[in-house]
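Worksheet: one structure, shown below.
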Amino acid sequence: MKVKLCGLRREADIMYANRYLPDYAGFVFAKSPRQVSGKQAAALIGKLDSRIRSVGVFVNEPLDSLEETARVAGLDVLQLHGDEDAAYVARAKELGYEVWKAVRVRSGGDIQRAQTLGADLLLLDSFSKEAYGGTGKKADWDVIARVELTQPFFLAGGLNSANISEALQKVAPLGLDISGGIETNGFKDEAKIREIMGVLGRL
Ligand SMILES: O=C(O)c1ccccc1N[C@@H]1O[C@H](COP(=O)(O)O)[C@@H](O)[C@H]1O
């Protein structure tokens, strides 16, 4: 099971990542309490263990600024978490990055449509009217389980150490993406990261 820890923004968060070695570390460039700039991300990624791949989270970012931020920060993967279409995904791939497309799942049709966008991987998240992501709200695992997915996907949305085992009984993702579930009072919490990695047998 692959693991992405998302929303890293402090040196302490990088220390935790280097200690527990998730496969991916996520940096949020969209408007969010977790938002970092390209330069801040570059400094953090510079301290990240080289075995961990860096993922940039973007929401409807103009392509030129996507390119600039990805270059400055030194990202490996672009996670598109907004309303980006197939043409946008194609342009992002032309920049030479692996591209993930987030789907805010309301129905099986949302997932089917996302499978036509040409992304390398889908990230299935919960739907919220208030925000594009990072809401801590659980995705509808029953809807996801009913869809025949032909593409690799990560499960996201409100995952924590108490619910990931149930999630994995219902859905069979390639990986899990966790942000709010490893925070206390808005900051990454080492004990929660350790607990999740323990449940996943990664200690
Ligand atoms: O984390 C954010 O603030 C964020 C903002 C805008 C778009 C996506 C964001 N994060 C992504 O949201 C999901 C789920 O997060 P959570 O575990 O429910 O808190 C995850 O894919 C993050 O990468």
Side-chain angles (χ1 to χ4, degrees), residues 1-10 13 16-17 22-37 40-41 44-45 52-62 65-66 69-70 73 75-84 88 92 97-106 110-111 114 119-141 144 151-164 166-168 171 173-189 192-193 195-197 199-200:
M1 177 65 46
K2 305 268 183 208
V3 179
K4 169 175 169 250
L5 301 183
C6 197
L8 309 190
R9 60 191 166 102
R10 304 173 303 165
D13 302 342
Y16 305 154
D23 303 282
Y24 299 92
F27 300 88
V28 178
F29 298 99
K31 262 203 174 48
S32 158
R34 305 175 178 112
Q35 186 180 40
V36 290
S37 68
Q40 286 169 329
L44 294 171
I45 291 168
I52 306 171
R53 301 186 76 211
S54 58
V55 182
V57 180
F58 298 90
V59 171
N60 300 332
E61 189 77 20
S65 114
L66 175 84
T69 303
L75 298 175
D76 296 311
V77 179
L78 307 180
Q79 176 179 324
L80 309 178
H81 219 104
D83 310 303
E84 300 86 359
Y88 188 105
Y97 297 94
E98 185 175 324
V99 173
W100 297 359
K101 181 71 189 84
V103 190
R104 298 153 65 221
V105 177
R106 269 181 294 188
D110 294 332
I111 303 173
D120 295 300
L121 183 143
L122 295 182
L123 199 145
L124 305 183
D125 194 2
S126 54
F127 178 83
S128 159
K129 270 191 264 174
E130 281 78 43
Y132 275 97
T135 60
K137 189 177 156 195
K138 203 160 73 68
D140 191 331
W141 303 332
I144 295 169
Q151 251 189 302
F153 73 97
F154 271 40
L155 183 65
L159 295 170
N160 57 50
S161 60
N163 67 18
I164 46 176
E166 189 194 341
L168 293 177
V171 182
L174 173 66
L176 298 174
D177 183 358
I178 307 146
S179 185
I182 47 167
E183 289 178 352
T184 299
N185 298 327
F187 293 98
K188 293 298 180 258
D189 179 329
K192 289 186 177 175
I193 294 173
E195 205 175 347
I196 283 220
M197 290 309 225
V199 173
L200 294 172

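Keep in mind it's a predicted model, so treat the numbers as computed, not measured. Just so you know, ligand 1 is whichever comes first in the structure, and atom 1 is the first atom listed for that ligand.
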What one should report as the nearest heavy-atom pair of R53 and D76 is CA-OD2, 3.3 Å
closest protein heavy atom to atom 13 (C) of ligand 1 is D125 OD2, 3.4 Å
Query raised in the report: Would you call E183 and K192 a salt bridge, taking side-chain N to carboxylate O under 4.0 Å as the test?
Result: no
Note: L168 and L200 closest approach over all heavy atoms is CD1-CD2, 4.0 Å
Using the six-membered ring of F127, assess whether NZ or CZ of R106 lies under 6.0 Å from its centre and within 45 degrees of the ring axis. yes
Query raised in the report: Quick one: does E183 get a heavy atom under 4.0 Å from ligand 1?
Result: no
Note: L159 and I178 closest approach over all heavy atoms is O-CG2, 3.5 Å
closest protein heavy atom to atom 20 (C) of ligand 1 is D177 OD2, 3.3 Å
In short, L66 meets A92 closest at the heavy-atom pair CD2-CB, 4.1 Å
Any N or O on G158 sitting closer than 3.5 Å to an N or O of ligand 1? yes
Q.
With the threshold set at under 4.0 angstrom, would you say G26 reaches ligand 1 through any of its heavy atoms?
A. no
Candidates A30, S126, S32; heavy atom nearest atom 3 (O) of ligand 1 found on S32
Let me see the working for Y132 and D83 under side-chain hydrogen bond (donor to acceptor under 3.5 Å, both in side chains), right down to the final yes or no. CA-CA 9 Å; Y132 275 97; D83 310 303; 2.6 Å; yes
**Study point:** ligand 1 to Y132 polar contact by distance, N or O atoms, under 3.5 Å
**Key:** no
Partner of L155 under side chain to side chain contact (heavy atoms under 4.5 Å, CB included), picked from L174, L176, D125, L122, is L176
For K101 and L80, the nearest pair of non-hydrogen atoms, with its separation, is NZ-O, 3.4 Å
If we number the atoms of ligand 1 from 1 as shown, the ones under 4.0 Å from a heavy atom of A156 are 21 (O)
The atoms of ligand 1 lying under 4.0 Å from a heavy atom of L123, numbered in the order shown, are 21 (O)
In this structure, atom 1 (O) of ligand 1 is nearest to the protein heavy atom R34 NH1, 2.8 Å
Closest heavy-atom approach to atom 9 (C) of ligand 1 among A131, G136, G134 is made by G134
Original post:
Strictly under 4.0 Å, does any heavy atom of G157 approach an atom of ligand 1?
Top reply: yes
Min N/O separation K31 to ligand 1 under 3.5 Å: no
Going by the 4.0 angstrom heavy-atom rule, the piece of Q79 near ligand 1 is side chain
*Counting only N and O atoms by type, is there a donor-acceptor contact under 3.5 Å from the side chain of S54 to the main-chain atoms of I45?*
no
So for C6 against ligand 1, with non-hydrogen atoms under 4.0 Å, the contacting part is side chain
Ranking S128, G133, A102 by closest non-hydrogen atom to atom 8 (C) of ligand 1, top hit is G133
query: Given the side-chain rings of F58 and W100, with only the six-membered ring counted for Trp, is the space between their centroids under 6.0 Å?
result: no
Within 4.0 Å of some non-hydrogen atom of K4, the atoms of ligand 1 are 23 (O)
Looking only at protein heavy atoms, what sits closest to atom 17 (O) of ligand 1 is S179 N, 3.1 Å
Ligand 1 atoms nearer than 4.0 angstrom to some heavy atom of G180 are 16 (P), 17 (O), 19 (O)
Closest non-hydrogen contact found for F154 with K4 is CE2-CB, 4.1 Å
